[in-house]
Amino acid sequence: MALQDTDISKVRTILLGLTGLSCLLYAILAVTQNTPQPIWWFVPTAMGVIAGIGTFVAFAMADPASRRMAPDEVYTLITHRAQRHAYWLSLGLYPAFAVIIMTTGLEWNTAFAAMGTLTGAAYLLLLTFYEWRMS
């Protein structure tokens, strides 16, 4: 069974979206529980590894023409757009968390853990959102 380029894109988008959601969940739980490790620390990492392996398998199951078509020019434009917007969102986390720390007493370690996972979640979720808007 050979996958087509659209199948590869769907698998990649779903897996990266799930990884972004796991990062977002980790950050939300960290902030609400005020602890830098609200769940096992390796959950977002494991989701990223699963996404990488799943994407590799999807590319491996495709024919050579589909492998070349999956990362087309539109995907490149979408990834660059997601990178640009995620960068600015990540920079906005610093003043936002400064206000949260001053007003709620959130611990510094928790804020850094949440900001780190939110940085990854911003890119992954924006990429997923932009991919789905294009389809």
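The shown structure was predicted, so the numbers you read here are calculated from the model rather than taken from an experiment.
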Where [X] and [Y] come nearest, the two heavy atoms and their spacing:
X    : Y   : value
P95  : L91 : CD-O, 3.2 Å
T117 : A27 : OG1-CB, 3.3 Å
S66  : I8  : O-CD1, 4.0 Å
L125 : L21 : CD2-N, 3.8 Å

Judged by atom type as modelled, is there a donor-acceptor pair below 3.5 Å linking the side chain of [X] to the main-chain atoms of [Y]?
X   : Y    : value
T13 : K10  : no
S22 : T19  : yes
N34 : E107 : yes

Check your understanding: With a cut-off of 6.0 Å (strictly less than), are more than 12 heavy atoms of other residues, nucleotides or ligands near OH of Y94?
Key -> no
Is there side-chain contact between [X] and [Y], with at least one heavy-atom pair below 4.5 Å?
X    : Y    : answer
M115 : F112 : yes
M134 : Y75  : no
Q4   : D63  : yes

Practice item. Give, for atom CG of L127 and atom OG1 of T79, the distance between the pair rounded to the nearest 0.5 Å. Key: 7.0 Å
**Study point:** L24-I100 co-clustered via ILVMFWY side chain contacts under 4.5 Å
**Key:** yes
